[in-house]
**Q** 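Before I ask anything, let me first share the structure, which is written out below as structure tokens.
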2 protein chains.
Amino acid sequence: MGKRKISIEDIARRAGVSHSTVSRALRDNPLISSQVREEIKQIAREMNYVPNAIAQSLQNQRTSTIGVVVTSIADPFFAEVVEGIEQIAKSAGLNVLLSTSHRDVEQEIAAIDNFHRRRVDGILVADSRISKQQREQVAQIAVPTVVINSQIEDQPEIFYSVAIDDRLGAQLAVEHLINLGHTAIGYLGVGDRSLSNQQRLEGYRMVLRKAGIQQIPNWVAMNDQDNVRANDVTTGQKMLPQLVTAGVTGIFCYNDMVAVGALLACHELGISVPQDLSLVGFDGIALGCYVTPPLTTISQPMLELGRSAMQILLDLLAEKTVENRVLSPCLVKRGSSAPINN
Amino acid sequence: MGKRKISIEDIARRAGVSHSTVSRALRDNPLISSQVREEIKQIAREMNYVPNAIAQSLQNQRTSTIGVVVTSIADPFFAEVVEGIEQIAKSAGLNVLLSTSHRDVEQEIAAIDNFHRRRVDGILVADSRISKQQREQVAQIAVPTVVINSQIEDQPEIFYSVAIDDRLGAQLAVEHLINLGHTAIGYLGVGDRSLSNQQRLEGYRMVLRKAGIQQIPNWVAMNDQDNVRANDVTTGQKMLPQLVTAGVTGIFCYNDMVAVGALLACHELGISVPQDLSLVGFDGIALGCYVTPPLTTISQPMLELGRSAMQILLDLLAEKTVENRVLSPCLVKRGSSAPINN
DNA sequence: GTGAAAGCGCTAACAG
DNA sequence: CTGTTAGCGCTTTCAC
């Protein structure tokens with residue numbers, strides 16, 4: 001059980017050839033006679049040779065590794081996105097280096113810088129919060145980078161991107177509630193200044209305006225003390241009462257976790273969903289099917305989001321021209337929304 | 001935006017020193033006068049130098065990377081474990097390379113072999129299914145490896161490990177049901193031959209035996225057609241009816257997802273939980289708090305499982321002596337279990 | 001077909 | 001204190 005692994009030189013010595021011949025043989029270079037090629041491969045096997053990918057990377061200037069930054073792995077949404085990324089990466093022979101940002105730009109930048117030092121072939125970042133100026137802080141001549149659901153306005157100008165259409169999602173949600181006869185419709189958002197939150201709110205406002213429904217400030221609740229984002233379930237739970245007090249009969253929630261929190265609050269307050277109140281979530285995480293009643297939601301193709309981003313990255317690595325993608329969410333009707341109860 | 005990144009040689013040329021001086025300066029080697037050290041660092045900054053970790057790794061024989069294999073990232077249990085791993089790894093300056101095995105030994109071995117080629121400093125594998133013989137297939141002189149919740153009997157002999165005490169968990173669950181007055185207690189398991197499933201079943205049997213409760217074969221349901229493991233929620237949903245038919249008043253479920261499936265089936269069949277039937281899960285995933293009624297469960301310290309494993313790996317890397325760990329689960333009483341209804 | 005030699009970018013032993 | 005010289009393990013011209 002010696003410490004140092006064996007190298008092609010060790011094999012070369014044993015086979016009585018030069019190390020370059022071994023290198024060629026192992027990589028099926030046609031210049032080598034099949035005779036010696038097989039012989040060398042056999043010896044390599046006997047010696048339990050394990051090629052050193054680090055040395056290969058240094059020489060080839062490719063690591064066959066991509067870096068992925070997400071806010072948290074434990075978040076079911078990102079877990080699903082990463083699953084999609086990994087599927088495509090694996091089938092392309094690429095490995096995934098994973099980092100978390102916890103919604104903090106500094107940590108996000110640190111992760112990316114680290115990936116640069118490690119010479120990853122490409123980078124994927126979800127929920128990126130890097131602004132134009134910060135873009136320069138980040139090492140120039142960056143490797144191909146694709147952002148997923150960018151959280152900064154002008155980011156598509158500086159990075160390739162794939163994103164969900166938040167306004168469309170909001171529109172589907174609110175129109176669904178309107179179709180059910182609701183007119184007192186609230187928005188239950190989160191406390192950070194993320195783009196998703198803003199755009200879902202805008203979508204909500206736009207639909208109400210178009211439908212000629214009056215907008216009441218109290219119908220929008222956003223736990224924005226400290227401008228920091230707490231646990232989403234807790235947010236939903238805490239903010240629900242004020243919306244109920246304000247008299248809404250339907251609520252569009254920022255995401256499924258917030259909706260679940262709202263649902264829990266309803267259970268505690270004895271509010272029946274959907275009889276007394278209709279709830280619509282966003283994301284389409286599995287969890288939504290398991291609560292009572294199951295959650296009507298705007299479903300994002302999470303796996304597809306990861307897959308698409310990874311595919312764009314692959315195209316970029318193959319030097320193809322690529323286009324940013326905007327994926328459409330869709331309404332999934334379940335038990336938490338129903339016609340208004342007159 | 002040239003292609004090749006700048007190296008210490010470029011800096012050396014510009015600073016009029018040798019590349020080794022640059023190397024030393026950048027790494028705060030005390031031999032270098034603080035005068036030139038600052039000067040070199042300044043130049044490096046101006047030139048946007050990004051050290052090449054690949055070259056460093058080749059030289060240092062350390063990659064500062066660990067490989068992690070899980071069955072699936074989208075599984076909330078492993079997502080949490082990986083979160084724990086990443087926390088400790090990050091604070092120790094290590095990066096995480098992530099792979100999935102999908103509960104398949106071949107894929108697990110492939111992932112580990114790949115990690116060996118990439119010369120990771122250590123490996124963590126969750127739910128490992130590698131047997132003693134296969135251990136030899138895997139490249140010898142392996143890097144330090146720690147398994148989390150091993151799924152093969154004699155694995156602790158070949159790998160370091162941290163695991164949950166499945167028998168104890170089962171014991172807590174079944175004793176809880178007995179304390180509530182239940183005597184017709186079922187076990188709802190999964191269809192693969194994993195150790196966890198077997199040990200939870202054994203724990204269940206042991207407690208019943210000790211309590212002098214008669215054991216009815218029909219009280220144990222395990223979706224083992226094809227010996228393959230389907231979606232856990234579906235398993236719970238499908239298998240519940242037979243246990244109910246068999247007359248149980250309490251069920252210990254393999255894990256929370258199975259329990260959630262059982263709960264959904266109860267909703268459909270009009271069985272009230274916990275009035276008609278008590279349900280106990282296993283794992284303690286967040287989801288358990290959100291269903292109606294919230295799930296009584298045997299909670300595993302998932303984050304801690306990841307953290308511990310990573311800590312053991314760090315100790316191994318520091319050449320300390322380490323000991324395998326067995327963590328204890330604990331009972332979390334919630335709404336899905338109640339005294340038997342006479 | 002195969003070998004010799006250079007070099008990927010860095011660290012470290014050895015001289016001065 | 002700093003420069004010279006070897007490698008780390010591999011791929012890849014360029015000769016033969």
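In the text below, chain A, chain B and the rest are named by the order of the sequence lines, each starting its count at 1. All of these numbers come straight from a predicted model, not from anything done at the bench.
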**Q** Would you classify B:Ser7 as touching base, sugar-phosphate or nothing, given that sugar-phosphate means primed atoms plus P, OP1 and OP2, and contacts are heavy atoms under 4.0 Å?
**A** sugar-phosphate

**Q** Does a side-chain N or O of B:Gln56 approach OP1 or OP2 of C:dG9 to a distance below 4.0 Å, or not?
**A** no

**Q** Counting neighbours of CD on A:Glu323 that are heavy atoms of other residues, nucleotides or ligands and sit closer than 6.0 Å, is the number greater than 12?
**A** no

**Q** Could you state the CD1-C1' distance from A:Ile11 to C:dG3, rounded to the nearest angstrom?
**A** 17 Å

**Q** Which part of the nucleic acid, if any, lies within contact of B:Ile8, taking any heavy atom under 4.0 Å across all strands shown: a base, the sugar-phosphate backbone alone, or nothing?
**A**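 Base contact.
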
**Q** Taking CG from A:Asn60 and P from D:dT11, how many angstroms apart are they, rounded to a whole number?
**A**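 Answer to the nearest Å: 7 Å.
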
**Q** Can you identify which nucleotide, out of C:dT2, C:dT11, D:dC10, has its nearest atom closest to the A:Val36 side chain?
**A** C:dT2

**Q** With respect to the phosphate group of C:dG1, does any side-chain polar atom (N or O) of A:Ser33 fall under 4.0 Å of OP1 or OP2?
**A** no

**Q** N/O contacts under 3.5 Å, protein versus nucleotides 13-16 of chain D?
**A**
{"residue": "D:dT13", "atom": "O4", "partner": "A:Arg24", "partner atom": "NH2", "Å": "2.8"}

**Q** Is there a donor-acceptor contact under 3.5 Å linking the side chains of A:Gln107 and A:Thr100?
**A** no

**Q** Kindly indicate whether the side chain of B:His19 and the base of D:dT2 share any N or O donor-acceptor pair separated by less than 3.5 Å?
**A**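 No such pair is found, so the answer is no.
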
**Q** Assign B:Ser23 to base, sugar-phosphate, or nothing according to its heavy-atom contacts below 4.0 angstrom with the strands shown.
**A**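 Base: the residue B:Ser23, judged by heavy atoms under 4.0 Å, touches a nucleobase.
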
**Q** Is the distance from OP1 or OP2 of D:dC10 to the nearest side-chain N or O of A:Tyr49 less than 4.0 Å?
**A** yes

**Q** Rounding to an integer number of Å, can you tell me how far B:Glu9 CD sits from D:dT4 P?
**A** 11 Å

**Q** Holding to side chain to side chain donor-acceptor pair (under 3.5 Å), I want the full list of residues that pass it with B:Asp121, two or more places apart in sequence or in another chain.
**A**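 In terms of side chain to side chain donor-acceptor pair (under 3.5 Å), with neighbours along the sequence ignored, B:Asp121 is linked to B:Thr63.
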
**Q** Please state how far atom CG in A:Leu31 lies from atom P in C:dG1, giving the value in whole angstrom units.
**A** 8 Å

**Q** From the options C:dT2, C:dG3, C:dT11, select the nucleotide whose nearest atom is closest to the side chain of A:Ser18.
**A**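 Out of C:dT2, C:dG3, C:dT11, the nucleotide with an atom closest to A:Ser18's side chain is C:dG3.
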
**Q** Could I get the full list of side chain to side chain donor-acceptor pair (under 3.5 Å) partners for A:Ser57, not counting sequence neighbours?
**A**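 Side chain to side chain donor-acceptor pair (under 3.5 Å) check on A:Ser57 returns nothing, list empty.
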
**Q** Considering only residues two or more places apart or on different chains, which pairs with a residue in residues 20-34 of chain B satisfy salt bridge (charged side-chain N to carboxylate O under 4.0 Å, His left out)?
**A**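 Applying salt bridge (charged side-chain N to carboxylate O under 4.0 Å, His left out) to every pair that reaches into residues 20-34 of chain B, excluding sequence neighbours, yields B:Asp28-B:Lys41.
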
**Q** Round to the nearest Å and state the distance from B:Lys5 atom NZ to C:dC10 atom P.
**A**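 That distance rounds to 11 Å.
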
**Q** When you measure from the side chain of B:Ala55, which nucleotide among D:dG9, C:dC10, D:dT11 comes out closest?
**A** C:dC10

**Q** Who passes side chain to side chain donor-acceptor pair (under 3.5 Å) against A:Arg117, sequence neighbours left out?
**A**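 Result, side chain to side chain donor-acceptor pair (under 3.5 Å) vs A:Arg117: A:Asn114.
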
**Q** Which nucleotide in the set C:dC8, C:dA12, D:dT2 lies at the smallest distance from any side-chain heavy atom of A:Gln61?
**A**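 Among C:dC8, C:dA12, D:dT2, the one nearest the side chain of A:Gln61 is C:dC8.
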
**Q** Without decimals, in angstroms, what is the distance between B:Ile54 CD1 and D:dG9 C1'?
**A**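 Whole-Å distance recorded here is 13 Å.
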
**Q** Give a yes/no on whether any side-chain N or O of B:Arg27 is located under 4.0 angstrom from OP1 or OP2 of C:dA12.
**A** yes

**Q** Without decimals, in angstroms, what is the distance between B:Arg13 CZ and C:dC10 C1'?
**A** 15 Å

**Q** Let me know, please, whether B:Ile32 or A:Ala53 comes out on the 5' side of the other along DNA chain D by nearest nucleotide.
**A**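 Upstream on the strand: B:Ile32.
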
**Q** C:dG9 P sits how many Å from B:Arg62 CZ, rounded?
**A** 21 Å

**Q** Determine which pairs satisfy salt bridge (charged side-chain N to carboxylate O under 4.0 Å, His left out) with at least one residue from residues 71-85 of chain A, sequence neighbours left out, and list them in order.
**A** none

**Q** May I ask you to test the B:Phe77-B:Val82 pair for a side-chain heavy-atom distance under 4.5 Å?
**A** no

